[in-house]
S.K.: 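Got a structure here, written out as C-alpha cells. Questions coming.
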Amino acid sequence: MRNRKPEKDYTQESLRKEREYGLFWYSWLWHLLRPVMLALCVAVVVAGVVMAVVNWADRSFFAPVDEEDTQPITFVVASGNSLTRVANNLESQGLIRNRTVFKYYADFLGYGQKIQAGEYQVSKAMGMQEIMELLTTGDGNPITRNITVIPGWTIADIADYLEKEKAISNKSEFLEMCRSGRDYSAYYYIADVLATRDIADRLFVLEGYLAPDTYEIYTNASMQDIIKKLLSQTEAVFKSEYHDRAEALGMTMDEIITLASMIEKEAKTGDFAKVSAVFHNRLKKNMTLGSDVTVKYVSGVKRMSLTNEDLKVNSPYNTYLYQGLPTGPICSPSAAAIQAALYPDEQFIIDQYLYFCSKDPNTGELHFSRTLEEHNLAVSIYAPLWQAYDREQGL
C-alpha cells in the first residue's frame with residue numbers, strides 16, 4: 001500500500017506537466033500562425049475587392065455591349081479619321097460602352113497608330129479588344145503617316161520629297177505658298193520676315209522656317225496643314241532664351257536662322273561652332289562672308305569648285321559681292337546649327353580665325369586659317385581635290 005501512493009502521485013504530476021507542456025506548444029503555435037492567418041484573410045479580402053473592381057470595370061467598359069446581339073453593323077473608318085473620331089463614332093453607333101476608355105486603352109496598347117481606313121462588320125457582341133484588333137486589318141490605308149525633313153534641305157528639296165511621297169498633290173502650288181508666305185503671317189517670325197524691306201529679294205519667304213524633323217501627319221493632310229506643322233516646330237526649336245541671346249548679339253531671329261542655314265550647308269556638326277566663329281569674326285570686321293553655299297543656293301550650281309563667273313552672279317544672296325548676311329536663309333537649319341549660330345566657338349573668336357575651306361570633299365573635313373596668306377596656301381593644296389571630286393560626280 002505504501003508503494004501505490006507515491007506511484008499515484010507520480011502519475012498525476014506527470015499528467016499535469018504533460019498538460020502544461022501541451023498548452024505551451026499550442027500557445028506558441030497560435031502566436032506563430034495567428035499573423036499568417038490574418039495576412040491570408042486580408043489577402044483573400046483584398047483579392048476579392050480587386051476581382052470585384054476588375055469585374056465591374058470589365059462589365060462597365062470592356063465587355064461587349066450586348067453578348068446576345070451578333071447582328072453585323074457596318075462601321076466606317078474614313079481616311080484621315082483621328083483615334084478620337086473613331087472612338088466617338090463607335091460609341092454613337094452603340095458598339096462600345098465608353099469612348100474615352102476606348103481611346104486611352106487603344107493609345108496605351110499602341111493600336112492608335114495601327115487603325116486603318118476601311119469598312120468593317122462589327123457587332124455589339126464583340127468586346128473592346130476584339131474591335132480594336134479588327135480595326136487594324138483595314139484596306140491598307142493608315143490614318144496617319146510619317147514624313148521626314150532633312151537638315152540642309154531647301155524649300156525646293158522639301159517640295160520634291162513631299163511630291164515623291166504623295167504627301168502633296170500640287171508642287172507648284174506648294175512652292176507658291178512658300179514663296180509668298182502671306183497665308184502664314186499669324187506666325188510672328190513670318191510676320192517679321194514679311195515686314196523686312198528686302199522681302200521682294202527672297203526666293204521663298206518661308207525658306208529656313210520649315211524645321212527639319214520627323215512628323216506624323218494625317219494621310220489626308222492638306223498642304224497648308226503640312227506647312228503649318230513644320231512652321232510650328234521652328235517656334236519650338238527657337239526657345240525663349242535664344243531670343244535673349246540673339247538680342248545680346250545684336251541680331252534678329254531671322255538673321256540667326258540665316259546664319260544657321262549657312263553653317264548647316266558649310267560644315268558637319270562637329271565644325272558648326274568653328275564655322276560660326278569665322279562668320280561672326282568676319283561680320284565684326286565688316287568683311288564679306290565669301291560663302292560658296294550662298295552662291296550655290298541662288299545659282300543652282302552643284303560643283304564644289306566654283307569659277308570666277310559663278311562668283312559674279314548678281315544677287316543679294318551672293319556673299320562674295322555683298323557685305324553681311326545674305327538676304328535670307330538658304331535652307332532649313334538643324335537645331336544644332338541654330339545653337340552654333342548663337343554660340344560660336346569662343347577660342348576661335350579669340351584667335352580671330354577668318355577663313356576655312358574644304359580639306360576632304362568626301363568626309364566634309366575643313367581647314368581653318370587666321371590669315372589670307374594661310375588660306376590661299378590651303379586652297380592651293382586642296383583645290384585639286386575639289387576638282388577631282390567634281391569630275392567623279394560628273395559635275
Side-chain angles (χ1 to χ4, degrees), residues 150-154 189 192-193 196 207-209 211-212 233-297 316-320 322-360 363-376 378-379 382:
I150 304 298
W153 275 3
T154 63
Y189 34 93
D192 289 345
V193 171
T196 57
E207 189 74 87
Y209 291 91
Q233 181 63 13
T234 292
E235 187 170 359
V237 170
F238 208 95
K239 300 173 284 190
S240 59
E241 58 263 34
Y242 283 5
H243 288 281
D244 296 336
R245 174 62 178 172
E247 186 177 351
L249 292 171
M251 301 176 73
T252 65
M253 177 181 177
D254 187 54
E255 289 172 331
I256 291 297
I257 295 291
T258 299
L259 178 57
S261 71
M262 295 171 61
I263 294 168
E264 185 74 55
K265 282 293 194 180
E266 289 280 16
K268 298 295 184 182
T269 307
D271 283 332
F272 278 178
K274 294 176 181 178
V275 168
S276 177
V278 169
F279 286 144
H280 275 283
N281 287 337
R282 293 177 73 94
L283 287 170
K284 289 176 183 176
K285 290 180 177 291
N286 293 318
M287 299 172 64
T288 57
L289 296 182
S291 173
D292 288 5
V293 296
T294 62
V295 174
K296 293 176 181 179
Y297 174 74
Y317 282 99
N318 187 344
T319 55
Y320 280 91
Y322 294 90
Q323 280 190 337
L325 293 165
T327 194
I330 61 171
C331 74
S332 294
S334 62
I338 293 173
Q339 186 175 31
L342 290 162
Y343 299 96
D345 187 287
E346 293 182 2
Q347 193 59 51
F348 267 49
I349 293 287
I350 294 171
D351 292 341
Q352 286 295 294
Y353 277 91
L354 296 171
Y355 304 91
F356 63 85
C357 69
S358 173
K359 188 175 181 179
D360 186 340
T363 65
E365 186 179 0
L366 300 178
H367 178 90
F368 294 88
S369 303
R370 293 183 178 88
T371 68
L372 180 58
E373 183 180 11
E374 293 173 352
H375 177 64
N376 286 337
V379 170
Y382 299 117

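Residues: numbered from 1 along the sequence shown.
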S.K.: Would you find a donor on one side and an acceptor on the other, under 3.5 Å apart, between the side chain of T319 and the backbone of L289?
M.R.: no
S.K.: Return yes if a side-chain donor-acceptor contact under 3.5 Å exists between E207 and T154, otherwise no.
M.R.: no
S.K.: Flag the pair Y297 / K265 as yes when at least one side-chain heavy-atom distance between them is below 4.5 Å, and no otherwise.
M.R.: no
S.K.: To check you understand the geometry: which heavy-atom pair defines the closest contact between L249 and A341, and what is its length?
M.R.: CD1-O, 4.2 Å
S.K.: Can you find a pair of side-chain heavy atoms, one from P329 and one from D254, that are under 4.5 Å apart?
M.R.: yes
S.K.: Rounded to the nearest 0.5 Å, how far apart are CZ of F368 and NZ of K274?
M.R.: 6.0 Å
S.K.: Between A378 and H367, what is the shortest heavy-atom contact and its length?
M.R.: CB-CD2, 3.4 Å
S.K.: Backbone N or O of L342 within a donor-acceptor pair of the H280 side chain at under 3.5 Å?
M.R.: no
S.K.: Looking only at non-hydrogen atoms, find the nearest pair between G208 and P333 and report the distance.
M.R.: O-CD, 3.5 Å
S.K.: Using modelled atom types and a 3.5 Å cut-off, is there a donor and acceptor pairing between side-chain atoms of Q323 and backbone atoms of N286?
M.R.: yes
S.K.: Give the minimum heavy-atom separation between V275 and A267, together with the two atoms involved.
M.R.: CG2-CB, 3.7 Å
S.K.: Can you confirm whether E346 is buried at CD, in the sense that more than 12 heavy atoms of other residues, nucleotides or ligands lie under 6.0 Å from that atom?
M.R.: no
S.K.: Other residues, nucleotides and ligands only: do more than 12 of their heavy atoms fall within 6.0 Å of CD on Q352?
M.R.: yes
S.K.: State, to 0.1 Å, how close P151 and P212 come at their nearest heavy-atom pair, and which atoms those are.
M.R.: N-CB, 3.5 Å
S.K.: For residues R370 and N281, determine if any side-chain heavy atom of one lies less than 4.5 Å from a side-chain heavy atom of the other.
M.R.: no
S.K.: Could you tell me if the ring centre of F272 sits under 6.0 Å from that of Y343?
M.R.: no
S.K.: Once you measure the plane-to-plane angle for Y353 and F348, does it fall in the parallel (<30°), tilted (30-60°) or perpendicular (>60°) bin?
M.R.: parallel
S.K.: Are the side chains of V237 and I338 in touch, meaning some heavy atoms are under 4.5 Å apart?
M.R.: yes
S.K.: Are M253 and Y209 close enough that some pair of their side-chain heavy atoms sits under 4.5 Å apart?
M.R.: yes
S.K.: Within this structure, what is the CZ-CE distance for the pair R282 and M287, rounded to the nearest 0.5 Å?
M.R.: 3.5 Å
S.K.: Nearest 0.5 Å, please: how far is OG in S358 from CD in E365?
M.R.: 9.0 Å
S.K.: Hey, mind stepping through I330 and V293 against side-chain contact (heavy atoms from CB on, under 4.5 Å) and telling me if it holds?
M.R.: CA-CA 8 Å; I330 61 171; V293 296; 3.6 Å; yes
S.K.: So how far is it from I257 CD1 to C331 SG, rounded to the nearest 0.5 Å?
M.R.: 10.0 Å
S.K.: Of the non-hydrogen atoms in I263 and A337, which two are nearest, and what is the gap between them?
M.R.: CD1-O, 4.2 Å
S.K.: Over 60° means perpendicular and under 30° means parallel, so tell me whether H375 and Y355 are parallel, tilted or perpendicular.
M.R.: parallel
S.K.: Which distance, rounded to the nearest 0.5 Å, do you find between the OG of S261 and the CD of E264?
M.R.: 9.0 Å
S.K.: Show your reasoning for whether side-chain contact (heavy atoms from CB on, under 4.5 Å) applies to L325 and M262.
M.R.: CA-CA 9 Å; L325 293 165; M262 295 171 61; 4.2 Å; yes
S.K.: Output the distance between atom OG1 (T371) and atom CG (N376), rounded to the nearest 0.5 Å.
M.R.: 8.5 Å
S.K.: Decide side-chain contact (heavy atoms from CB on, under 4.5 Å) for L354 and K285; before the verdict, give the C-alpha distance in whole Å, the side-chain angles of both, and the deciding distance to 0.1 Å.
M.R.: CA-CA 10 Å; L354 296 171; K285 290 180 177 291; 3.9 Å; yes
S.K.: Taking the side chain as everything from C-beta on, heavy atoms only, tell me whether I256 gets closer than 4.5 Å to R245.
M.R.: no
S.K.: Are side-chain N/O atoms of Y382 and D360 paired as donor and acceptor at under 3.5 Å?
M.R.: no
